[in-house]
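As structure tokens, the structure follows; a few thoughts come after it.
In what follows, chains are A, B, ... by sequence order, proteins preceding strands, each numbered from 1.
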Protein chains: 2
Amino acid sequence: MSKQATQDMETRIASLLKRSDLSVTESRRKILHLFLEQTGALAHGDIERKAGEKFDRVTVYRTLQTFVEKGIIHTIPTADNSIRYALCKDECSGGHHHDHHIHFVCSQCDNTYCLDDVVTPDIKLPKGYQAEHVEVVVEGVCKNCR
Amino acid sequence: MSKQATQDMETRIASLLKRSDLSVTESRRKILHLFLEQTGALAHGDIERKAGEKFDRVTVYRTLQTFVEKGIIHTIPTADNSIRYALCKDECSGGHHHDHHIHFVCSQCDNTYCLDDVVTPDIKLPKGYQAEHVEVVVEGVCKNCR
DNA sequence: TAGATTTTGCAACTATGTTGCCTTTTCATA
DNA sequence: TATGAAAAGGCAACATAGTTGCAAAATCTA
Ligand SMILES: [Mn+2]
Ligand SMILES: [Mn+2]
Ligand SMILES: [Zn+2]
Ligand SMILES: [Zn+2]
């Protein structure tokens with residue numbers, strides 16, 4: 001990556017943090033960096049491995065929690081019970097997420113993708129049930145693995 | 001519950017286990033009992049609490065795992081990352097689950113329901129992605145909580 | 001009912017997540 | 001650009017969740 005591109009990335013990261021009223025700290029920059037240079041989602045473990053040498057485990061937990069609260073990342077529920085995190089689009093912010101896309105988990109490479117263009121379907125529920133939020137996770141084989 | 005009804009229940013449990021080629025043991029009977037007398041799903045913690053005085057934690061883990069493998073129960077992924085388990089319909093069996101219904105988690109009472117009559121929708125995926133399994137979890141307010 | 005097979009309990013261990021407290025860093029303002 | 005309040009990080013200790021190997025106990029087959 002060119003010096004210019006690196007600079008741009010750092011600027012982008014700082015402004016993203018400031019926009020969310022977060023102070024710009026080294027661990028936040030590092031973890032946000034991980035998300036920005038990544039296509040798919042990251043599991044907590046991934047992040048800890050990639051950022052963990054430099055930061056305490058507790059800091060990673062707290063940083064992710066803060067990012068979720070501020071609408072910077074969102075969680076993706078999976079069948080194997082390992083939370084994954086992915087960047088939100090710009091519409092999400094403090095306290096309110098507006099992610100209505102579905103998620104795809106590849107059974108081969110185990111990568112998790114936000115399919116931003118596939119919106120969650122309307123589900124017709126039995127009388128009495130009132131939907132607030134719909135979560136769809138599709139498991140299958142991804143583009144790269146066929 | 002009448003003596004007759006209790007007897008019926010025990011018979012039902014034993015034959016369910018035998019049908020899955022499982023030996024009839026006390027812990028399996030107890031845990032299966034919990035599912036049969038229950039409407040919604042059970043979290044691992046629930047089960048451990050209700051059966052745990054009598055059985056070791058490890059036994060609960062192993063029993064649930066066996067039940068999932070044999071198609072007696074299925075897992076339900078949730079946003080808070082606590083696996084829940086619910087009874088399968090009869091079509092599920094050794095190694096192959098055929099649950100195509102959606103799940104509902106109540107944000108008030110935290111109960112989880114299998115909505116057996118609501119089938120998972122067909123999701124149109126971007127070119128290249130191949131779906132094998134679709135998981136839908138709706139969060140909202142349940143029948144009893146409104 | 002005996003013996004092979006399966007399941008269980010126990011102990012020890014790893015992984016995951018949380019909390020309190022003190023130190024360090026950040027940021028606003030002087 | 002120096003200063004101090006406020007926020008964030010690191011550390012230690014703890015709590016909970018899940019796994020493994022092995023010997024004892026229960027189940028099933030014949
Ligand atoms: Mn997403
Ligand atoms: Mn179900
Ligand atoms: Zn893949
Ligand atoms: Zn409810």
Side-chain angles (χ1 to χ4, degrees), chain A residues 10-11 13-34 41-70 72-73 75-85 94-95 110 112, chain B residues 10-11 13-34 41-70 72-73 75-85 94 110:
Chain A
E10 288 311 306
T11 310
I13 287 172
S15 68
L16 220 163
L17 288 171
K18 291 217 180 93
R19 197 187 317 153
S20 303
D21 288 310
L22 292 175
S23 42
V24 180
T25 69
E26 213 189 330
S27 49
R28 286 176 182 166
R29 277 197 288 116
K30 172 67 179 176
I31 291 176
L32 204 39
H33 201 120
L34 291 178
L42 292 167
H44 181 98
D46 297 331
I47 298 162
E48 206 176 308
R49 241 168 282 121
K50 289 180 184 170
E53 308 234 326
K54 230 165 160 313
F55 306 105
D56 194 83
R57 261 162 29 82
V58 179
T59 302
V60 176
Y61 279 108
R62 292 198 270 228
T63 303
L64 292 172
Q65 192 180 302
T66 304
F67 283 2
V68 170
E69 279 162 11
K70 292 293 186 175
I72 297 175
I73 59 177
T75 60
I76 303 168
T78 57
D80 71 338
N81 214 34
S82 74
I83 305 186
R84 295 166 195 225
Y85 300 89
D110 202 46
T112 303
Chain B
E10 289 310 309
T11 309
I13 286 171
S15 67
L16 221 164
L17 288 171
K18 291 217 180 96
R19 196 187 318 154
S20 303
D21 288 310
L22 291 176
S23 42
V24 181
T25 68
E26 213 188 330
S27 50
R28 287 176 182 165
R29 276 197 287 116
K30 172 65 179 176
I31 291 176
L32 205 38
H33 201 120
L34 290 178
L42 292 168
H44 180 98
D46 298 332
I47 298 163
E48 207 176 307
R49 243 167 284 120
K50 288 180 184 169
E53 308 233 326
K54 231 165 159 314
F55 306 105
D56 194 81
R57 262 164 27 84
V58 180
T59 301
V60 175
Y61 279 108
R62 291 199 271 228
T63 303
L64 291 172
Q65 193 180 300
T66 304
F67 283 2
V68 171
E69 279 163 11
K70 292 293 186 175
I72 297 175
I73 60 177
T75 60
I76 303 167
T78 58
D80 70 338
N81 214 34
S82 74
I83 304 187
R84 293 165 197 225
Y85 300 89
D110 202 46

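Separating the CZ atom of Arg62(A) from the C1' atom of dC11(D) is a distance of 10 Å, rounded to the nearest angstrom. Protein atom NE2 of His44(A) is 8 Å distant from nucleotide atom C1' of dG17(C), rounded to whole Å. As rounded to whole Å, 14 Å separates atom P of dT19(D) from atom CG of Asp56(B). Between the OH atom of Tyr61(B) and the P atom of dG18(D) there is a distance of 4 Å, given to the nearest Å. Nucleotide dG9(C) holds its P atom 9 Å from the CD atom of Glu26(B), rounded to whole Å. Between the CD1 atom of Ile83(B) and the C1' atom of dA15(C) there is a distance of 14 Å, rounded to whole Å. If you take NZ of Lys54(A) and P of dT24(C), they are 16 Å apart, rounded to a whole angstrom. In this structure, CZ of Arg57(A) is placed 10 Å from P of dA15(C), rounded to the nearest angstrom.
Within the 4.5 Å cutoff, side-chain heavy atoms of Ile72(A) are placed close to those of Leu22(A). Proximity of Leu42(A) to Lys50(A): side-chain heavy atoms (C-beta onward) are separated by under 4.5 Å at one or more points. By the 4.5 Å heavy-atom criterion applied to side chains, Lys70(A) and Leu17(A) are not counted as neighbours.
Residue contacts for Arg28(B): at a heavy-atom cut-off of 4.0 Å it reaches the sugar-phosphate backbone alone, with no base atom in range. Among the atoms of the strands shown, none is found under 4.0 Å from any heavy atom of Lys18(A). Within 4.0 Å of Ser27(B), counting heavy atoms only, lie sugar-phosphate atoms of the nucleic acid but no base atom.
Mapping Gly45(B) and Leu22(A) onto DNA chain D by nearest heavy atom places Leu22(A) closer to the 5' end of the strand. Along DNA chain D, the nucleotide nearest Phe55(A) and the nucleotide nearest Val24(B) are compared for position; the residue whose nucleotide lies closer to the 5' end is Phe55(A). Each of Val58(A) and Glu48(A) has a nearest nucleotide on DNA chain C; the 5'-most of these lies closest to Glu48(A).
Note on Thr59(B): every side-chain N or O is 4.0 Å or more away from OP1 and OP2 of dT7(C). The side chain of Ser23(A) places no N or O atom within less than 4.0 Å of a non-bridging phosphate oxygen (OP1 or OP2) of dT25(C).
Side chain of Arg29(A) to main chain of Ala14(A): no donor-acceptor pair is present (N/O by atom type, distance under 3.5 Å, no hydrogens or angles).
Between Asp56(B) and Arg62(B) there is no salt bridge, since none of the side-chain N atoms of the basic residue sits less than 4.0 Å from a carboxylate O of the acidic one.
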